[in-house]
Participant: 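After the structure tokens below, expect a handful of questions from me.
Note that the structure is a prediction, hence the values are computed from the model and not measured.
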Amino acid sequence: GDHRDLRSFPTRRSSDLTLKHEDPSIRSQALDALRQIGDPETIKDIRPLLQDPVASIRVDAITALNFFLSPPEKVSLLSALCTDSSADVASQALKLLATIPGTAAYAALLEVDTAVRPELTHAWIRALAQRREVPDNDLVSRLLKSPDRRSQSGARSEEHTSELQSHLNL
């Protein structure tokens, strides 16, 4: 027989309990342990944590799942998470989406509406900047117009625009 299976069995059962633990730091440690064990069987245990009330746990869950899922699964999961109520969760989803090659991931990035979620603008620009695709004119003008709602003065937007131009090599 394979000894590894016997060894990982108790870990998996105990991890199932710790993933439901009321203390978020314990849930976080359990997620990290599962990611390191690297058993794809644990995906079904990790998925429910995408709904966790604590945003940092949702970020950890995304990071762990990203490790296990195939690129098409990642694209559908991450594009859904780009609309998460927490900017941290949505930003992490954007960041990971940027690392997936192919048009599906790129299209999902373009779907993100920074007019609705101005707090995601920086993460969105960074994500697009990692891509190899050549931005079309619509995208460039959308990027140059993207408002930074926090700015009272125009200073922020100018800095923002030059950051963009350097990213896009305009």
Participant: At what distance, to the nearest 0.5 angstrom, does CZ of Arg117 lie from CG of Leu94?
Facilitator: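 Rounded to the nearest 0.5 Å, the CZ-CG separation comes out at 9.0 Å.
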Participant: What is the minimum heavy-atom distance between Ala115 and Pro118, and which atoms define it?
Facilitator: O-CD, 3.7 Å
Participant: Listing request: all salt bridge (charged side-chain N to carboxylate O under 4.0 Å, His left out) pairs with a residue in residues 25-37, at least two apart in sequence or in separate chains.
Facilitator: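 Listed once each, the pairs are Arg27-Asp52, Asp32-Arg35.
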Participant: Can you tell if the side chain of Val54 reaches within under 4.5 Å of the side chain of Arg58, non-hydrogen atoms only?
Facilitator: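 Result no, sub-4.5 Å side-chain heavy-atom pair not found.
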Participant: What residues, two or more places apart in sequence or in another chain, satisfy side chain to side chain contact (heavy atoms under 4.5 Å, CB included) together with Asp136?
Facilitator: Asp138, Leu139
Participant: Of all the heavy-atom pairs spanning Leu69 and Lys74, show the shortest one and how long it is.
Facilitator: O-CE, 3.1 Å
Participant: What is the distance from atom SG of Cys82 to atom CD of Glu111, rounded to the nearest 0.5 Å?
Facilitator: 10.0 Å
Participant: Drop me the distance from Ser91's OG to Arg126's CZ, to the nearest 0.5 angstrom.
Facilitator: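 So the OG of Ser91 and the CZ of Arg126 are separated by 7.0 Å.
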Participant: Is there a side chain to side chain contact (heavy atoms under 4.5 Å, CB included) between Thr42 and Ile37? Walk through the geometry before answering.
Facilitator: CA-CA 9 Å; Thr42 58; Ile37 292 167; 5.9 Å; no
Participant: For residues Leu109 and Trp124, report the shortest heavy-atom separation together with the two atoms involved.
Facilitator: O-NE1, 2.8 Å
Participant: Within a strict 4.5 Å, meaning less than it, do heavy atoms of the Asp39 and Phe68 side chains meet?
Facilitator: no
Participant: Is it the case that Ser86 and Asp88 place a side-chain donor and acceptor less than 3.5 Å from each other?
Facilitator: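 No, Asp88 and Ser86 have no side-chain donor paired with an acceptor closer than 3.5 Å.
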Participant: Are Val75 and Ile100 close enough, and set up right, to give a side chain to side chain contact (heavy atoms under 4.5 Å, CB included), and what steps lead you there?
Facilitator: CA-CA 8 Å; Val75 170; Ile100 306 167; 4.0 Å; yes
Participant: Any heavy-atom pair between the side chains of Leu50 and Leu77 that's under 4.5 Å?
Facilitator: yes
Participant: For residues Arg131 and Leu97, report the shortest heavy-atom separation together with the two atoms involved.
Facilitator: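 What the structure gives for the nearest pair is NH1-O, 3.6 Å.
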Participant: Rounded to the nearest 0.5 Å, how far apart are CD of Gln51 and CG of Leu49?
Facilitator: 9.5 Å
Participant: Quick one: list whatever passes side-chain hydrogen bond (donor to acceptor under 3.5 Å, both in side chains) with Thr103, sequence neighbours left out.
Facilitator: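 Counting only residues at least two positions away or on another chain, Thr103 forms no side-chain hydrogen bond (donor to acceptor under 3.5 Å, both in side chains).
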Participant: To the nearest 0.5 Å, what is the distance between CD1 (Ile125) and CG (Leu120)?
Facilitator: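 The CG atom of Leu120 is 11.0 Å from CD1 of Ile125, to the nearest 0.5 Å.
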Participant: Looking only at heavy atoms, which two atoms of Asp23 and His21 are closest? And how far apart?
Facilitator: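 Closest approach of Asp23 to His21: N-ND1, 2.9 Å.
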Participant: For Glu73 and Ser70, indicate whether the former's side chain and the latter's backbone hold a donor-acceptor pair under 3.5 Å.
Facilitator: yes
Participant: Taking all heavy atoms of Lys95 and all of Gln130, pick out the closest pair and write down the distance.
Facilitator: O-OE1, 4.4 Å
Participant: Could you measure the distance from the CD1 atom of Ile46 to the CZ atom of Phe67? Nearest 0.5 Å is fine.
Facilitator: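 One gets 10.0 Å once the value is rounded to the nearest 0.5 Å.
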Participant: For side chain to side chain contact (heavy atoms under 4.5 Å, CB included), just list the numbers for Thr83 and Val116, CA-CA rounded to whole Å, side-chain angles, deciding distance to a tenth of an Å, and then say yes or no.
Facilitator: CA-CA 10 Å; Thr83 61; Val116 177; over 6 Å; no
Participant: Could you check whether any side-chain heavy atom of Asp84 comes within less than 4.5 Å of a side-chain heavy atom of Ile62, counting everything from C-beta outward?
Facilitator: no
Participant: Side chains of Leu78 and Asn66, heavy atoms from C-beta outward: is any pair under 4.5 Å?
Facilitator: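 In short, these two side chains touch, coming nearer than 4.5 Å.
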Participant: Would you check if the side chain of Ser28 reaches a backbone N or O of Pro24 as a donor-acceptor pair within less than 3.5 Å?
Facilitator: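 Looks like no, no N/O pair under 3.5 Å.
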